[in-house]
Amino acid sequence: MMSLAAVFGLRARLFLASQVPSLQVCVEGVVDEALWFFAAPKKRSTRSRKRMKTWMLGPKPIVHLHHCGDCGKPKLHHKLAPCCVEVAERRTRELKEKRSWDQAAAKAKTDLD
């Protein structure tokens with residue numbers, strides 16, 4: 001087991017021994033127990049070994065594809081197909097233009113009255 005002096009160096013040992021001898025024993029036990037739980041590798045893991053360990057965490061194939069009811073193209077569940085997004089954007093743009101024309105006509109009508 002590692003002592004407090006090995007962990008914190010000679011200064012810590014001299015300080016604790018000179019100030020509070022009973023504290024040194026108590027702290028050494030806690031430090032020894034705490035160091036026992038921390039895993040420290042003996043050698044550095046190479047990039048190859050890291051990648052060999054974690055290859056299964058990489059991208060997975062998409063298995064939950066559905067077909068769009070409008071265009072029939074594959075899409076994710078609860079998402080719009082790309083072609084349907086373009087259609088929705090176009091419809092939204094047309095509605096906004098119509099609303100702005102309606103607001104302009106209403107404003108012109110109130111200005112005439």
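Below, each value reflects all heavy atoms present in this structure, side chains not excepted, and no hydrogens, waters or symmetry copies.
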Side-chain donor/acceptor pairs under 3.5 Å, residues 39-60, sequence neighbours excluded:
{"from": "T46", "atom 1": "OG1", "to": "R49", "atom 2": "N", "distance (Å)": "3.2"}
{"from": "T54", "atom 1": "OG1", "to": "K50", "atom 2": "O", "distance (Å)": "2.9"}
{"from": "K60", "atom 1": "NZ", "to": "M56", "atom 2": "O", "distance (Å)": "3.2"}
{"from": "K60", "atom 1": "NZ", "to": "G58", "atom 2": "O", "distance (Å)": "3.4"}

Original post:
How long is the gap from SG on C68 to NZ on K75, to the nearest 0.5 Å?
Top reply: 6.0 Å
Tell me which donor-acceptor pairs under 3.5 Å the side chains of residues 76-99 have, and how far apart each pair is, sequence neighbours excluded?
{"from": "H77", "atom 1": "ND1", "to": "H66", "atom 2": "NE2", "distance (Å)": "3.3"}
{"from": "T92", "atom 1": "OG1", "to": "A88", "atom 2": "O", "distance (Å)": "2.7"}

